[in-house]
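A short write-up of the structure that comes next.
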Amino acid sequence: GGSGSSSSSSDSSASGSDSEQSSYKVAMIMSGIITDGGWDQGHYESLKRALESHPKWTMLEPKENTADADAATAAQTYVDQDVDLIIGNGNQFASDWAEVVADAADSHPKVHFLITNTDPTTEMTDYETLDPVETVLPDFQQTGALAGVVAGLMTQTKSIGFIGGMKLPSTITKYSAYLAAAKKIDPSIQGQYNFEAGFTDASLGTNLTQQWIASNNVDVMWGDASAVDNGARQALEAAGADTHFDIAQPIDIVGADQPTVVTSTVTDWMIGQAMDEIESGSFGGGKAITGNMDNGGITLGKFSDKVSQDVQDKIKEYSEQIKAGTFVTDDEVSAIQNTL
Amino acid sequence: MDFMTALPTILKAMTMGAVPILLAALGEVFSERAGLVNIGLEGVMAIGAFVGFAVGKMTGNLWLGLVVAMLAGVLINMLYAFCTVTLCADQVVTGMAINILAPAIALFGYNLFVGSNSANATGDQMASIAIPGLSSIPFIGNAFFNQTLLAYLAFILVPLVRYFFKHFRAGLSFRSVGENPHAAETLGIDVVRVKYLACIVCGALAAAGGAFLTLCYTPIYTDGIVMGRGFIALATVIFGRWSALGVLGASLLFGFFDGLNVALQAQFQSAPVMFFKMIPYIFTIVALIFFGSKHAGPKANGQPYFREQR
Amino acid sequence: MMILTPVVAVLLALIIGAIIIACLGKNPLEGYAAMIQGSLGDGAKLSKTLERACPLIFTGLCAAFAYKCGVFNLGGEGQFIMGGCATATCVLGLGLEGPAGLALGLLAGIVAGAIWGLLPGIMKITRGLNEMITTIMLNYVAMYFMEYIYKNVYSDNGLPKTIAIPQSARLPEVFGTHVGVILAIVLGIFIWYVIFRTSFGFKIRAVGMNPIASRVNGFPVRRLVLLAFILSGAIAGLGGAVELLGKTPYRLADGFGSGFGFDGVAIALIAQLNPIAAIFVAFFFGVLSTGGTMMQSVIGVPTAIVEIIRGLIIIFAVAGMAAVKLPKIKAYVAARQDAKAKKAEVNA
Amino acid sequence: MAELLRMENISKRFGSFYANKNVTFDVQEGEVHTLLGENGAGKSTLMNVLIGLYQPTEGKIFMHGKEVSISSPRVAVEQGIGMVHQHFMLIDDMTGLENIILGDKRHNSPLLQEGEDRKTVEDIMDRYGLEIDLDEKVGDMSIGMQQRVEIMKVLFRGADLLILDEPTAVLTDLEVEGLFDIMRSLTAEGKGIVFISHKMREVMRISDRVTVLRRGETVETLRVADTTEQELADLMIGQKFVENTYEKVTGATKDEFVLQNVSYHPEIKHGGLKDVSLTIHKGEILGVAGIDGNGQTPLAEVVTGLVKPDSGKVIGPDGTEIAVFSPETFIDAGLGNIPEDRNKMGLVGDMTIAENLVLKQTESDQFSLGHGKWLKMGEIHSYAERLREENDIRCTSVDQTARSLSGGNQQKVILARELEGHPKLLVAVYPTRGLDIGATEFIHNQIVAQRDAGCAVLLISADFDEVLKLSDRIVVLFEGQIMGTYPGANPPIKEISLAMAGK
Ligand SMILES: Nc1ncnc2c1ncn2[C@@H]1O[C@H](COP(=O)(O)OP(=O)(O)OP(=O)(O)O)[C@@H](O)[C@H]1O
Ligand SMILES: Nc1ncnc2c1ncn2[C@@H]1O[C@H](COP(=O)(O)OP(=O)(O)OP(=O)(O)O)[C@@H](O)[C@H]1O
Ligand SMILES: [Mg+2]
Ligand SMILES: [Mg+2]
């Protein structure tokens, strides 16, 4: 739901200047780098997309490689510059920013915070005020189901794998939906997973995938671990790019130099919506912006020529069902989730 | 877990994982034999990984990438050499500074290289060369005889380095500089030159180890791709008692335990995998405890050398 | 000389940094102004900088103390982390609140750090293992162990972080910073006193400089070395406890303590192993960190630039201090002073 | 005879301190030219300049009449100059042969030619009667053999000019004879030798000419035939030198320290003790004579608590058997120790002189409050100043590092510290090794004064003259065993010498 229920304090101070304000600044703070080919690059590209459709907004140089100990300082430096929107790439920022947000709510009412991949009801309990904050929470069940459909249709060996960088609720949801959707296509499909691969050790991705190929006959991988996914693709390629496939995430990277990638599940972090809300003065209150297949938050990327037209048609058909919420049920997903 | 099914893959991971560590550790053997403890391997490897990646991608010639990476490694290690040899600065903290500086330079370069053109994010890979016959030996064939040329070269380097230290005049001179530089100097050995040479070799080999990561392992560079391998290489030098063969054994052992870690992660998926991740480190310590290293290495290792000091 | 050199080194590094920044088409002066403003600009900034420096003071003291005894402890990070883990386990596991939780938490941190320092000490003394290697290995073990704590034991709703330390067990604040900062400074002074003004410190120093002579002259060398391991570990462990109990987000999570150990070593060596100087150097590192973030965001240069400047500062400081100790430079300085003295004589 | 070397007006400055000032010095072919001077007179510095280890601040060097610039040791080797350093320049971890051929460039091949070189070395060994185990690690060799390796290094490189910096300081009389034989056969071939020694007797026997240095400057160059020991000594110290003789004590009977059947690694021929029993009496100097490497080091280690004997008893001053072997126990029981290697074992080189002087007493009430809880820095400083005064420790300040002191002054620091504790037992191992005659006299006086004050002294020395001069009783150590006990007054020198050779 996008209807704003912003608090009185931010309303009164913001609305006065809103109509006149002709330029806005946005800054992004991330724990990795913008070219990591995964999580942070996905955020960066979302931001760039949003900027294209929001000409009033300009972006500051992103703050990359932000260590835990510097997370709050980094936010504070943007607060000091009266940046209109400060984006934190992931829930790790949620716990670090409580103080900064509380201080800024008093001293810099025009500064807004957007934290991605965060559930405000469970992850922001120590916030004194949620007035200037919103979060983004994509519908990961949809993402997982989309990948699961592709995997289920592509696998020959009935064995699929998943690598996640960190064991987050979102990661678990993704995998559960992924496996549930694949099983929907063929109940005999087996899933392998690792949720703790981190985001940098590409060689771990290679070795892990090699093990799964050797011991479990895995032939389709879906990854959520940036550089580690590259390693996984490396192993798939070595095992034969004609029979081993990868589904990329969260950016669309299908292309000639990625022979194993058949398609990508693309996440858009709905930054444009946050910008709109700020312009209209409705931003805040600790609500969560959802990204889903309806609003373009979740999409499936291009297909490689390894995916036959036949399969593509089926994927389209199932995608509609996923969008409508009729393909996999919550129960089916949580049944798998409970076994992890 | 069916260990026998997993074993060939573990062995493959072992040989693959051992190569970057081996290369860096061989470099460190030269360095420490000349009395220079270079804790900055990690940083030099990062430079090597990035430059190898970028030049390989830019020129399309991976071997050129490797050579330029090694040159870059030498260059950054000259900073270390100048500080520790010419200025006699503390080796540990200089190395540490390299570990901060070098990856930052690499990251900066990567930003420039990829930031403007995201097509640059993925590079090319050296192809594996399967040795006919040998590569089909069960269990070990794929691990040992189906590798990239660079990996073969790394393994061939081991007997060469051993031969160098045993049978070359320069090898003896190298050792004398690490043992007693004042004595070496009185025999007309140019201690400073040997130390600089050691840094050149060390920088080149460590950078080659880093370049292996991007040219042979995965076709990408990420900040932090070295993942502590530089430190592991340091440990293997001690564990390998400053000898090429020992270093080979130690890096294979580490590679094996790392492969085992991954195999366990792959099969025991709901277990707390961080305990598997500890395995390579704990076993390095355990191995050190059992096969001990009372041998303390070159005597003047880590000490600055002032010529006119008494 | 020993104060002037690092200052010159810092200036040199900043100049090179300025050149790089200028090459990127940004204004370095504006950047450095932002750096100072962002770290020391007002009381709140200063206290943030102090809090940022606080763990570095602890790891710096940890390294300085160990090195004084000839122990190359590179495991400050692992000991720091284990301190944090023990504190979390103690406070969260026993459900402690209030001053009891605080006191026991600190104590647990000290003990765990000490144990994590003791392990490489035992390995060195019984098996002759080089502590540089074992402590680095143990850093990794500690890091993964912490992962276990925050993911599997005290995870907050399945998130990869522990639940927060309860409000009542946190370190109280004075002048906008948690008292851990004061604790760190007092500890630094105390360690200076121990090293330079007590018989125990005297022996520690003697062992560090010449263990054989120390043994011949009746010092219990092995015991002192082991104590150096334990105490330096305890210092780092206390640092971990303070960081967890004093600083937001009051939780263990990925990246807790990351890099602090190596920074501590650099700090100790730049401070010439003087604990009081280490406090100042750590503070300077804090300035670089908070100010660097500000500079980066204000003038919009890549984060890597700040890291490059930091690396350069360490290299220049260390190289500069080594350079002034070179016989040639020393001779030059001595000759200059002679000449000056002679001139003064002539004039008089 | 042709001129081999001439050094003209050489000056070498360290910081603002001149170690050599306007020194002029020459060597003829076939001559032994001795450099004589007190510790710190600048002898080694001059030679280090000659072999290119130090660069002279001023001055010229001529070889065979031609001016040369010796910019590095390599140039010196090329010029045919070789030096056996006062502190051996050997690599312990390499074999004798490896040490000898290290850095040599006679072969064009980059590979080592060990076989060929071994033959060359063996030829030289035969020619000069040098005995070296080429395959033993140098670290495991006796001092004498290490020195022969050093000489071999020089000969192997075909040096015309040999510099021997205090080669006899660590040798026994027997070994000295061997060395002199080698030196004579070298000069017979026309080679020149620069010889440095503090032992007047040797200087008179082996040298052709002597140059005396004082405080870095040349005093005089004399033909040995035209001078006397006394004249040289006077020139050296710049005033009349008077050598003391000491009265021997004969009646001491009270046991202060007893070893009963002590064995320590008896299987090691040159590094063990076999069934050693000896008694050190109160108020008596017991001298241990013997060729270096016959158990002196383990004996010293046992009586200072550094090692625990494998069997046997050690009984301390209060008559009880010592149970715990650690230096602390022995120090508590009243041990004073002048260890073998003053730099490694006696002093903490990087600490100040003052700190070294109070090394063992930082917990005493005199220097601290509350048993070491607060060091009284002022008290320590003034104490150090007093000891510096009393012991004539020559330094610019007691706050400079002990390392920066000359050897004699370092030894004075150790002695001052040990004697100030009024030990019941004083163990002195090679106490005057490498010291000049002045410093040696001072140390000897102090040791005898300590005996007269009732201390039991165990003197271990490879310098037979020193043992004879000081000891009230003498025991001889050979291959880890006591060969016999002899009186110190009118000692049977012949008999003792034979015992030292194992007969
Ligand atoms: N490496 C050094 N660094 C600094 N100062 C030194 C160093 N070596 C010696 N000195 C100083 O130079 C001065 C001269 O020392 P020297 O060895 O000549 O003393 P000395 O009086 O000749 O000794 P001795 O009584 O043994 O003959 C002393 O003040 C000494 O402390
Ligand atoms: N590298 C150095 N730096 C500073 N001072 C030095 C250095 N080497 C020697 N000296 C000083 O120069 C003086 C001469 O030293 P040198 O070693 O030449 O004396 P020496 O005559 O050989 O004495 P000894 O009889 O003790 O061997 C001493 O005061 C010594 O302390
Ligand atoms: Mg001297
Ligand atoms: Mg000398």
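Quick caveat, the model's predicted, so the values are computed rather than measured.
- Summarising the geometry of Tyr193(A) relative to Gln269(B), their closest heavy-atom pair is N-OE1, 3.1 Å, with the distance given to 0.1 Å.
- For Ala121(B), no part lies near chain A; criterion is any non-hydrogen pair under 4.5 Å.
- Although no hydrogens or angles enter the test, the distance criterion places a donor-acceptor pair under 3.5 Å between the side chain of Gln211(A) and the main chain of Ala6(B).
- To the nearest 0.5 angstrom, Lys277(B) atom NZ is 9.0 Å from Asp201(A) atom CG.
- Using a 4.5 Å heavy-atom threshold, the side chains of Glu64(A) and Asn111(B) count as touching.
- Annotation: the span from Asp257(A) atom CG to Asp124(B) atom CG amounts to 8.5 Å, rounded to 0.5 Å.
- The two residues Thr5(B) and Ala214(A) come nearest to each other via the heavy atoms CG2-O, 3.9 Å.
- Distance alone, capped at 3.5 Å, places no donor-acceptor pair between the Lys12(B) side chain and the Gln210(A) backbone.
- Thr206(A) touches chain B through its side chain: at least one heavy atom from C-beta onward sits under 4.5 Å away, while N, CA, C and O do not.
- If you take CG on Asn194(A) and CD on Gln267(B), they are separated by 11.0 Å, rounding to the nearest 0.5 Å.
- Near-neighbour residues of residues 216-238 of chain A relative to chain B, defined by a heavy atom under 4.5 Å from a heavy atom of that chain, comprise Asn216(A), Ala227(A), Asn230(A), Gly231(A), Gln234(A).
- If you tally non-hydrogen atom pairs under 4.5 Å between each of Ile213(A), Thr200(A), Thr339(A), Ile253(A) and chain B, the highest count goes to Thr200(A).
- Between Gln192(A) and Ala266(B) the shortest heavy-atom distance is OE1-O, 4.4 Å.
- At a 4.5 Å heavy-atom cutoff, the contact between Asn207(A) and chain B is made by backbone and side-chain atoms alike.
- For chain A, the nearby part of Tyr110(B) is the side chain; its heavy atoms alone come within less than 4.5 Å.
- When Thr222(B), Asn261(B), Ile225(B) are compared by the number of non-hydrogen pairs under 4.5 Å with chain A, Thr222(B) comes out ahead.
- For chain A, no part of Pro8(B) is nearby; none of its heavy atoms comes within less than 4.5 Å.
- Scanning all heavy atoms of the two residues, the minimum distance from Asn65(A) to Asp223(B) falls at ND2-OD2, 2.8 Å.
- Only the side chain of Ile33(A) comes within contact range of chain B, judged by heavy atoms closer than 4.5 Å.
- Between chain A and the options Thr122(B), Asn120(B), Leu213(B), heavy-atom pairs under 4.5 Å are most frequent for Thr122(B).
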